[in-house]
Amino acid sequence: MISQNEFCGAEQISTSYLRCLLYLLEEWTGVERLEEYLNYLITCLLVPLFIALLFPAVTFILVFICAITVHIYKRKTDTQGYMNDFWDGVRQFLATVWYVHARIWNGYEVHGLEKLPDGPALIIHYHGATFLDILYLSVFIFIRKKKLLHVVADRFIFSIPGVKLVSDVLQFMPGSQEECRKVLENGELLIISPGGVREALFSDENYTIIWRNRKGFAQVAIDAKVPIIPTFTQNIRENIRIIGGQIKLLRLIYEYLRLPIFPLYGNFPVKLQAYFGDPIPYDPNITAEELAKKMKNALRCLIDKHQKIPGNVRRALMERVATEKQDNE
């Protein structure tokens with residue numbers, strides 16, 4: 001039987017088994033200073049990879065903690081629907097949890113809340129890689145304005161285990177034109193991202209608006225006779241990044257299957273700030289096509305005003321530090 005001494009030498013008897021293994025690998029591969037290369041690999045490759053996977057996991061864990069809480073709360077009642085007083089308590093709990101998370105993790109701020117009317121309005125939003133910033137905006141409006149923001153979300157959101165009940169309580173909905181019209185006619189606030197999942201997956205650091213020819217949201221605003229307001233979250237594409245969004249084959253697969261199976265990384269603690277643009281008032285003489293084009297231009301102007309293009313994760317992190325330093329001075 002070969003002893004450790006024969007491999008590592010008598011002077012290395014007291015070394016750890018890991019160092020002995022490194023010595024053996026150096027002898028076998030003929031590569032000197034293997035330990036330095038491994039340290040470099042761990043520091044420069046594995047640690048960033050671990051962080052990139054860990055950060056999104058923290059948010060998803062928080063989502064499921066909220067889901068468990070809501071399920072426990074629901075067992076106390078047999079009431080139908082989520083707009084009665086019974087749900088106000090859990091809705092306040094969810095809003096507080098995500099409000100605190102947004103403030104601590106991303107230093108989240110909202111500018112232009114005063115542009116929201118007391119009555120109904122349709123809010124049009126640029127879609128980031130996930131719906132996280134829309135969730136942030138929803139809870140901020142709920143806490144700051146005491147108004148519930150109804151959110152039109154893609155149908156796949158409601159198929160995620162445990163998420164459907166949370167989304168129901170926070171008034172996320174698939175949102176046909178008829179449903180959207182009813183929400184507005186009831187005097188509520190409604191937010192739509194016309195680009196949807198396609199914009200989330202295939203936009204890039206240049207913040208390209210991908211709406212195709214969608215104009216249904218404009219028709220809803222015209223039918224309900226409500227103002228339409230653009231909103232944009234600065235650095236949202238630096239918060240979470242999509243892998244493979246610019247690969248044509250993966251895009252063809254999405255267009256065929258309609259499944260957003262692209263991997264994510266990030267959830268970096270970059271500075272996120274939501275901005276409301278000036279409302280476009282109801283005009284009975286404008287067509288849906290004209291209103292959609294007008295809103296797209298307004299959103300593009302809002303992005304160009306508040307977002308440095310192309311987006312950069314490092315710069316967005318530095319903006320977080322610079323903003324907090326200014327706040328403390």
Which salt bridge (Lys or Arg N to Asp or Glu O under 4.0 Å) pairs, counting each pair once, include a residue from residues 123-143, with sequence neighbours left out? none

To the nearest 0.5 Å, tell me how far Ile191 CD1 sits from Thr231 OG1. 6.0 Å

Decide side chain to side chain donor-acceptor pair (under 3.5 Å) for Glu238 and Asn312; before the verdict, give the C-alpha distance in whole Å, the side-chain angles of both, and the deciding distance to 0.1 Å. CA-CA 6 Å; Glu238 281 61 68; Asn312 180 279; over 6 Å; no

From CD (Gln171) to CG (Leu190), nearest 0.5 Å: 11.0 Å

Do you know the tightest heavy-atom contact between Pro279 and Pro227? CB-CB, 4.5 Å

Enumerate the ring pair (Phe, Tyr, Trp, His ring centres under 6.0 Å) contacts for residues 298-319, please, sequence neighbours excluded, ordered by first and then second residue. Tyr275-His306

Go through the steps to decide whether Lys271 and Glu109 satisfy the test salt bridge (charged side-chain N to carboxylate O under 4.0 Å, His left out), and finish with yes or no. CA-CA 9 Å; Lys271 182 67 176 181; Glu109 297 177 7; 2.9 Å; yes

Which is it for Tyr126 and Thr233 under the side chain to side chain contact (heavy atoms under 4.5 Å, CB included) test, yes or no, and what are the steps along the way? CA-CA 8 Å; Tyr126 170 84; Thr233 303; over 6 Å; no

Would you say Thr130's side chain and Leu132's backbone share a donor-acceptor pair under 3.5 angstrom? yes

Nearest 0.5 angstrom please: Ile210 CD1 to Phe202 CZ, how far? 8.0 Å

Check the pair Glu185, Lys182 against salt bridge (charged side-chain N to carboxylate O under 4.0 Å, His left out), reporting the backbone distance first and the verdict last. CA-CA 5 Å; Glu185 289 173 351; Lys182 287 181 179 179; over 6 Å; no

Please evaluate residues Glu319 and Lys308 with respect to the criterion side chain to side chain contact (heavy atoms under 4.5 Å, CB included), reporting the C-alpha separation (whole Å), side-chain torsions for both, the decisive distance (0.1 Å), and the verdict. CA-CA 11 Å; Glu319 288 175 0; Lys308 293 180 180 179; 4.0 Å; yes

Polar contact flag, side-chain donor to acceptor under 3.5 angstrom, Arg103-Tyr136: no

Nearest heavy-atom neighbours spanning Pro174 and Val152: O-CG1, 3.3 Å

Under 6.0 Å between ring centres, would you say that holds for Tyr207 and Phe232? yes

How long is the straight-line distance from CD1 of Ile209 back to OG of Ser203, given to the nearest 0.5 Å? 8.5 Å

Do Leu189 and Leu148 touch side chain to side chain, with heavy atoms closer than 4.5 Å? no

Between Arg214 and Gly196 the two heavy atoms that sit nearest each other are NH1-N, 4.1 Å

Exam field: side chain Arg181 to backbone Ala224, donor-acceptor pair closer than 3.5 Å: no

Pairwise side chain to side chain donor-acceptor pair (under 3.5 Å) hits with a residue in residues 294-303, at least two apart: Arg300-Asp304

Polar side-chain atom of Asn106 near backbone of Leu272 as donor-acceptor pair, under 3.5 Å: no

Check Tyr99, Trp98, Phe140 against Tyr108 for a side-chain contact (heavy atoms from CB on, under 4.5 Å) and give me the one that passes. Phe140

Could you tell me whether a side-chain N or O of Arg320 sits under 3.5 Å from a main-chain N or O of Ala316, the two making a donor and an acceptor? no

In Å and rounded to the nearest 0.5 Å, what is the CD1 to NE2 distance from Ile123 to His125? 10.0 Å

Would you please test Val226 and Val220 for side chain to side chain contact (heavy atoms under 4.5 Å, CB included) and show each step? CA-CA 9 Å; Val226 298; Val220 167; over 6 Å; no

Test: salt bridge (Lys or Arg N to Asp or Glu O under 4.0 Å). Region: residues 192-206. Which pairs qualify, not counting sequence neighbours? Arg198-Glu255

Would you say the side chain of Leu94 lies within less than 4.5 Å of the side chain of Val139, judging by non-hydrogen atoms? no

Under the 3.5 angstrom rule, does the side chain of Thr287 hit a backbone N or O of Glu290 as a donor-acceptor pair? yes

Does the side chain of Ile280 come within less than 4.5 Å of Ile229's, by heavy atoms? no

What I'd like to find out is whether the side chain of Leu317 reaches to under 4.5 Å of the side chain of Arg314, using heavy atoms alone. no

Polar side-chain atom of Ser176 near backbone of Glu179 as donor-acceptor pair, under 3.5 Å: yes

Step through the shown structure and confirm whether more than 12 heavy atoms of other residues, nucleotides or ligands are within 6.0 Å of NZ on Lys293. no

Looking at every non-hydrogen atom in both residues, tell me the closest pair between Ala95 and Ile143 and how far apart they are. O-CD1, 3.7 Å

Taking a hydrophobic cluster as the set of Ile, Leu, Val, Met, Phe, Trp and Tyr residues connected by side-chain heavy atoms closer than 4.5 Å, whether directly or through intermediates, do Leu201 and Tyr256 fall within one such cluster? yes

Note: Ser193 and Ile134 closest approach over all heavy atoms is OG-CD1, 3.6 Å

To the nearest 0.5 Å, what is the distance between CD1 on Ile228 and CE on Met295? 4.0 Å

Check: Gln234/Gln307 side-chain N/O donor and acceptor closer than 3.5 Å: no

Tell me every residue that passes ring-ring contact (aromatic ring centres under 6.0 Å, His included) with Phe217, counting only those two or more places apart in sequence or in another chain. Trp211

Per the salt bridge (Lys or Arg N to Asp or Glu O under 4.0 Å) rule, what does the pair list look like for residues 274-283, sequence neighbours excluded? Lys115-Asp278

Tell me if a side-chain donor or acceptor on Thr96 pairs with a main-chain N or O of Gln92 at a distance below 3.5 Å. yes

For Pro310 and Asn206, the nearest pair of non-hydrogen atoms, with its separation, is CB-OD1, 3.6 Å

Does Phe276 reach the side chain of Val110, with side-chain heavy atoms less than 4.5 Å apart? yes

How are the rings of Trp105 and His101 set to each other: parallel, tilted or perpendicular (split at 30° and 60°)? parallel

